[in-house]
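Since the structure comes first, as structure tokens, the remarks are kept for the end.
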Amino acid sequence: MGALDEGRLNLELETGIKNGCVELAFEHQPETLAIQDAVKLLLQGLHEDVNREGIKKTPFRVAKALREGTRGYKLKVKEFVQSALFPEAGLDDGVGQAGGVGGLVVVRDLDHYSYCESCLLPFHVRCHIGYVPSEQRVLGLSKFSRVADVFAKRLQEPQRLADDICSALQHWVKPSGVAVVLQCSHIHFPCLEVESLSHHGFVKVMVSSGSGVFEEEGSSLWGEFLSFLKFRGVKTQALCGGSVKEWCPSVVKSFSEEEDTEMVSAVVSILKSLGEDPSREGLIATPSRFLKWMMRFENVNLEMKLNGVNGVKVKEKKEKKLHCELNLPFWSMCEHHLLPFYGVVHIGYYCNEGYNHKSLMKSIVHFYGFKLQVQERMTRQIAETLSPLVGGDVIVVAEAGHTCMISRGIEKFGSSTATIAVLGQFSNDCSARAEFLDKIHTTAALKEDASSPF
């Protein structure tokens, strides 16, 4: 956002003028203030200093992201649909699949995100919609994504989200029938133990919902709709029959940590501020689940197992060779938005033959990753810690997928971020850096399953 745009946004927030009505600026609204207070309490529970740089504005950033990510509670399908129904002459009565324009319309690959009602983490949704128009009118194609977003921007679970989209389109568009297929993906939760740490990809589920002529999933129309999805590489055989239960890792995974009642109350306050009822069945256990994964990133002193290593003796450069430790997995939590990021770290260093401390490097990566972090800082810290242990010549590359990149701001699905830190010979030797980067390339650094949910 440019300076002028930011200034205009701040002016609008200050004045709070919209449609001739005076409103409280966003940062002064009771819901925003309540979420900020709750987030401050959570940060204190993580033993963080809420006044340090990088953290001071986190409560506001989290409040903004959560309220933006659940804005669907205040949106109405009617507002998007009624002005976008267009007349379109169709076939004569009794000819073709239905009245109206007479055939199946399919809109595919609509990317959205939603917040999981079980753990409050964002999950990715790829939405496919088919419908048979009737009454000689069609819905503007862009409105299908708008309608899906109304329900995605809420606390959800996959099957209910599919049913909500389907029933809303059936009610307001009044077609002969609607079919909805959702591909949903939820990140796994990390293990605290360094030897078990890895990113196991995504929990994936595919659900469907149908109305009208699509009520019977065994019908020929459903088969035609699924054929259009297969054209795009969608593996429709993965469709789940009936509702999906316990797809969230927080429900399946068991945790043993004790609960802090004040922190539980803080999460309950967040749910209320988002317009939800914390006592409804799907949300009763959500505060506890949210805290149990969050507290795994508590600012505690994880052991960095140096194993008595005091560094290597520096010898002539010609006696050293490039050593690489690639694809060391890590988990971390963005200190700006309290959302996880995860990926792999690659380490290159020049040292004598026979020097091998992979377990040490895994421990260092885990130590700096498993806390509230910024990827750039984490990369630098790993390099600076390793430098005296390997003779000074070290290069570190971190590749990560950031949950905050899909759930706020640009909402860029499938993106990844790479950061690099170089010390010693790698600082001024382009050929050394190129040699190491080529090693990453040839070993398929970031696995596709860890960066893309489908």
Side-chain angles (χ1 to χ4, degrees), residues 1 6 9-10 13 24-71 113 115-116 119-122 153 155 187 189-190 260 262-274 276 286-287 289-300 302 330-343 368-381 398 400-412 415 417 419:
M1 179 183 291
E6 186 173 1
L9 174 61
N10 290 336
L13 289 174
L24 281 175
F26 178 83
E27 64 265 35
H28 299 310
Q29 292 174 8
E31 297 86 352
T32 303
L33 295 174
I35 295 175
Q36 288 187 84
D37 289 342
V39 173
K40 287 179 182 177
L41 195 151
L42 295 177
L43 287 171
Q44 291 168 347
L46 290 171
H47 302 290
E48 288 286 347
D49 178 4
V50 295
N51 293 314
R52 78 169 172 85
E53 287 298 325
I55 291 287
K56 284 194 296 187
K57 294 184 179 180
T58 293
F60 177 73
R61 285 189 289 257
V62 173
K64 185 178 179 182
L66 282 173
R67 293 195 65 193
E68 179 181 315
T70 55
R71 65 181 181 270
Y113 79 90
Y115 276 93
C116 174
C119 68
L120 299 186
L121 285 181
K153 293 298 186 290
L155 303 184
I187 61 172
F189 286 0
D260 182 308
E262 283 191 327
M263 295 181 75
V264 171
S265 296
V267 181
V268 170
S269 174
I270 291 175
L271 293 175
K272 290 179 178 178
S273 299
L274 297 177
E276 264 290 0
T286 296
R289 296 191 188 112
F290 175 78
L291 289 175
K292 285 174 180 176
W293 78 259
M294 188 180 195
M295 292 305 293
R296 299 178 80 76
F297 294 90
E298 185 178 2
N299 189 16
V300 296
L302 291 175
F330 77 91
W331 273 86
S332 194
M333 186 191 293
C334 171
E335 70 175 34
H336 296 154
H337 303 99
L338 300 188
L339 290 171
F341 66 97
Y342 48 86
Y368 287 113
F370 221 96
K371 59 183 66 178
L372 266 64
Q373 261 293 13
V374 176
Q375 185 175 335
E376 296 89 339
R377 183 197 307 145
M378 180 193 75
T379 309
R380 173 181 55 81
Q381 289 173 332
H402 287 252
T403 311
C404 62
M405 290 285 283
I406 71 165
S407 63
R408 54 170 300 282
I410 61 172
E411 299 184 17
K412 182 62 177 177
S415 65
T417 302
T419 49

Can you sort out the partners of Thr58 under side chain to side chain donor-acceptor pair (under 3.5 Å), two or more places apart, ordered by chain and number? Arg61
Reported NZ-to-CD1 distance for the pair Lys40 and Ile35, which is rounded to 0.5 angstrom: 13.0 Å
Spell out, as yes or no, whether a donor-acceptor pair under 3.5 Å connects the side chain of Gln36 to the backbone of Ala63. no
Between Gln373 and Tyr368 the two heavy atoms that sit nearest each other are NE2-O, 2.9 Å
To check you understand the geometry: which heavy-atom pair defines the closest contact between Val50 and Gln44, and what is its length? CG1-CG, 3.9 Å
Taken to the nearest 0.5 Å, the spacing of Thr32 OG1 from Lys64 NZ works out to 10.5 Å
Grab the two heavy atoms, one from Phe370 and one from Arg296, that are nearest each other, plus how far apart they are. CE2-O, 2.8 Å
Exercise: identify the closest heavy-atom pair between Pro122 and Tyr115: CG-CE2, 3.8 Å
Just jot down the side chain to side chain donor-acceptor pair (under 3.5 Å) partners of Arg380, sequence neighbours excluded, or say none. Glu384
Quick check: closest heavy atoms across Val62 and His336, and the distance to 0.1 Å? CG2-O, 4.4 Å
Are side-chain heavy atoms of Ile187 and Trp331 found at a separation under 4.5 Å? yes
Does a side-chain heavy-atom distance below 4.5 Å link Leu66 with Val39? no
Go through it in stages, so that I can follow the logic: the residues are His337 and His402, the test is side chain to side chain contact (heavy atoms under 4.5 Å, CB included), and I'd like the CA-CA distance, side-chain angles, deciding distance and then a yes or no. CA-CA 10 Å; His337 303 99; His402 287 252; over 6 Å; no
Considering all heavy atoms, the nearest Pro340-Trp293 contact: CD-CH2, 4.1 Å
Quick one: does any side-chain atom of Thr419 pair with a main-chain N or O of Thr379 as donor and acceptor, under 3.5 Å? no
Please round to the nearest 0.5 Å and tell me the distance separating atom CG of Leu43 and atom NZ of Lys56. 14.0 Å
Rounded to the nearest 0.5 Å, the SG atom of Cys404 sits from the CG atom of Leu339 at a distance of 6.5 Å
Interatomic spacing from NZ in Lys292 to SG in Cys119 - rounded to 0.5 Å: 13.0 Å
Going by an N to O cut-off under 4.0 Å, is there a salt bridge joining Glu335 and Arg377? yes
May I have the step-by-step check of side chain to side chain contact (heavy atoms under 4.5 Å, CB included) for Leu155 and Thr286, ending in yes or no? CA-CA 11 Å; Leu155 303 184; Thr286 296; over 6 Å; no
Take Met263 and Leu291, measure what side chain to side chain contact (heavy atoms under 4.5 Å, CB included) needs, and give me the verdict at the end. CA-CA 8 Å; Met263 295 181 75; Leu291 289 175; 3.7 Å; yes
Dump the intermediate steps for side chain to side chain contact (heavy atoms under 4.5 Å, CB included) on Leu372 and Ile55, then the final yes or no. CA-CA 9 Å; Leu372 266 64; Ile55 291 287; 3.9 Å; yes
Between atom CG of Leu338 and atom CG of Leu120, what is the distance when rounded to the nearest 0.5 Å? 12.0 Å
Report yes if the side chains of Pro59 and Asp37 come closer than 4.5 Å at any heavy-atom pair, otherwise no. no
Non-neighbouring partners of Glu31 that pass side chain to side chain donor-acceptor pair (under 3.5 Å), sequence neighbours left out: none
So which of Tyr342, Tyr113, Phe341 actually passes side chain to side chain contact (heavy atoms under 4.5 Å, CB included) with Thr403? Tyr342
For Gln29, give me all partners under side chain to side chain donor-acceptor pair (under 3.5 Å), at least two apart in sequence or on another chain. Arg67
List, one per line, each side-chain donor-acceptor pair under 3.5 Å for residues 265-272, sequence neighbours excluded.
from, atom 1, to, atom 2, distance (Å)
Ser265, OG, Thr261, O, 3.0

With sequence neighbours excluded, residues passing salt bridge (charged side-chain N to carboxylate O under 4.0 Å, His left out) with Arg71: Asp149
